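So you know, we letter chains A, B, ... as the sequences are listed, proteins then strands, and number each from 1. What you see is a predicted model; the values in this text were computed from it and never measured.
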Amino acid sequence: MIKPRARSTKPGAALLAWYDVQRRELPWRARAGEAPDPYRIWLSEIMLQQTTVATVKERYAAFLSRWPAIEDLARAPVDDVLAQWAGLGYYARARNLHACARAVVDSADGFPSDEAALRRLPGIGPYTAAAIAAIAFDQPCVAVDGNVERVIARLHAIETPPRKVAPLVREKAAALMSPARPGDSVQALMELGALVCAPRTPDCPACPLSSFCAARRLRAQSDYPARALKRPKPRRRGAIFILRRGDEALLLRRPPRGLFGGMNAFPSTPLTQDVAAAEFSGFAPCAARWRALEEPVTHVFTHFALEATVFVAHTRAKAAPSDCRWAARANLGKEGLPTLMRKAAARAGLLDA
DNA sequence: TATGCGTGGGA
DNA sequence: TTCCCAAGCAT
């Protein structure tokens, strides 16, 4: 008795057939048969770096509405772009986005379609360069993101540790690409990872590649991809200082780099360091009658958890301490504060929580 | 190459 | 509560 052959189709073709039916309508995604807009693809790819589709959907619409074309974005002051980005995190993305817009608009050739040229632009790394080249320009480039790595690692039961797995994943992903439809192939792999081959509970019965999947044969889907060992997240303490001048002005500063680089922030202890309560006063922006609010604000970053005591003081001084500026309280919402700083402002009763 | 860099949601 | 992690990049 000959076993019936389940693999009637090649995996790459099965993947595309699945994508043609199951693909989501996304604001930045061209509909079938429509030409993609490189500006929109690029903007979405930058926003989507380490950020969920649900979050990006909301922010993308507002961003695109404000700057409909890359020339508009290039013309805008970088501070406006950062303010619009506030709350999205990883603020270097916004600085690089703006720098990239200016570089593209200043160049005679417009938006590059070549992976290598894209890779040279600020904020565009290996994944994003390949994704833009494939999706916006239909070039045969293999974009490997977290989704693709997971799909491929399971498909081939790859045991290679995460640090060294990239070349193999890339090779296996390339084998799934359709030469006729590179953009759709790339998106299909990512879509499969997002909708079916999910990190925790893959829906294998719904997967077009299930009959090819080594991890499924081993009944060990959750063992792939091999995960890096995690280090415990340090807990740090710090203080945030909110100085009020009368009822109309607040003291803000912009950290030049690092955490919240370029963003508006209240003066604080160096938040990436653990600072004991006894040391707080040494970091206040000026001498004043600082009053500590009862409940600290807590915030969890990628690499540490913070508990910050919020201090408030009033002053009548006109001059702002060095590195700082006065901002109208009424504009606080528009200034574009990072989420932690919004929490602090809310705790002080200056913003709605 | 290992680390720093935000935030929000789901299990 | 805690953990995981989401279309990564720069240095």
Side-chain angles (χ1 to χ4, degrees), chain A residues 23-24 26-29 40-60 82 85-97 99-100 118-136 141-151 161-164 166 173 183 185-195 197-202 222 225 227-236 255 257-263 265 270-273 297-306 336-343:
Chain A
R23 51 179 283 174
R24 290 170 292 181
L26 297 173
W28 47 88
R29 177 176 281 170
R40 297 183 181 211
I41 300 299
W42 163 67
L43 174 59
S44 70
E45 289 297 343
I46 302 301
M47 280 194 173
L48 284 162
Q49 288 168 3
Q50 300 290 285
T51 306
T52 58
V53 166
T55 299
V56 170
K57 270 187 181 174
E58 304 176 3
R59 298 303 213 100
Y60 172 85
L82 285 165
W85 198 274
L88 263 178
Y90 288 141
Y91 298 103
R93 290 185 297 171
R95 300 195 300 272
N96 287 330
L97 185 83
C100 184
L118 286 162
R119 182 67 185 76
R120 288 182 222 113
L121 290 167
I124 298 184
Y127 160 75
T128 305
I132 295 173
I135 298 170
C141 300
V142 187
V144 178
D145 72 334
N147 287 308
V148 176
E149 181 179 332
R150 185 172 59 254
V151 169
R163 209 173 60 263
K164 317 175 80 168
S185 296
V186 161
Q187 294 182 86
L189 267 174
M190 294 192 284
E191 198 82 335
L192 188 67
L195 299 182
C197 195
R200 309 229 188 185
T201 53
S222 61
R227 303 154 96 196
L229 28 54
K230 59 177 182 301
R231 285 192 326 226
K233 187 167 289 193
R235 311 176 94 83
R236 292 180 176 142
R257 64 176 69 132
L259 193 68
F260 302 144
M263 298 297 291
L271 298 175
T272 55
Q273 300 171 223
V297 295
T298 59
H299 195 70
V300 180
F301 297 91
T302 305
H303 48 304
F304 67 97
L306 176 70
L337 293 175
T339 299
L340 168 65
M341 296 299 160
R342 291 193 70 84
K343 287 183 183 176

In whole angstrom, give the distance that lies between atom [atom1] of [X] and atom [atom2] of [N].
| X | N | atom1 | atom2 | result |
| --- | --- | --- | --- | --- |
| A:I46 | C:dA7 | CD1 | P | 15 Å |
| A:R231 | B:dC5 | CZ | P | 12 Å |
| A:I135 | C:dA7 | CD1 | P | 13 Å |
| A:K57 | B:dG8 | NZ | P | 18 Å |
| A:H299 | B:dG6 | NE2 | P | 9 Å |
| A:K343 | B:dT7 | NZ | C1' | 9 Å |

Kindly say if [X] contacts the phosphate of [N], meaning a side-chain N or O under 4.0 Å from OP1 or OP2.
| X | N | result |
| --- | --- | --- |
| A:R257 | C:dA10 | no |
| A:R200 | B:dG10 | no |
| A:Q50 | C:dG8 | yes |

Exercise for review: Please figure out whether A:A54 or A:A92 has its closest DNA chain B nucleotide nearer the 5' end.
Suggested key: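 The residue mapped nearer the 5' terminus is A:A92.
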Practice item. Counting heavy atoms from C-beta on, name the nucleotide in C:dC9, C:dC4, B:dT7 closest to the side chain of A:P126. Key: C:dC9
**Study point:** A:L121 vs A:R24, nearer the 5' end of DNA chain C by closest nucleotide
**Key:** A:R24
Practice item. Using atom types as modelled and distance alone, determine if a side-chain donor or acceptor of A:R59 lies under 3.5 Å from a backbone N or O of A:A86. Key: yes
**Study point:** Check: A:R93 side chain, A:G123 main-chain N or O, donor-acceptor pair, under 3.5 Å
**Key:**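 Side chain of A:R93 to backbone of A:G123, a donor-acceptor pair under 3.5 Å: no, none is there.
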**Study point:** side chain to side chain donor-acceptor pair (under 3.5 Å) evaluation trace for A:Q187 with A:R23
**Key:** CA-CA 9 Å; A:Q187 294 182 86; A:R23 51 179 283 174; 5.9 Å; no
Review point. Got more than 12 heavy atoms from elsewhere within 6.0 Å of CZ, A:R231?
Key: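 Atom CZ in A:R231 is not crowded, with 12 or fewer foreign heavy atoms closer than 6.0 Å.
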Point to revise | Any donor-acceptor N/O pair under 3.5 Å between B:dG6 base and A:T51 side chain | key: yes
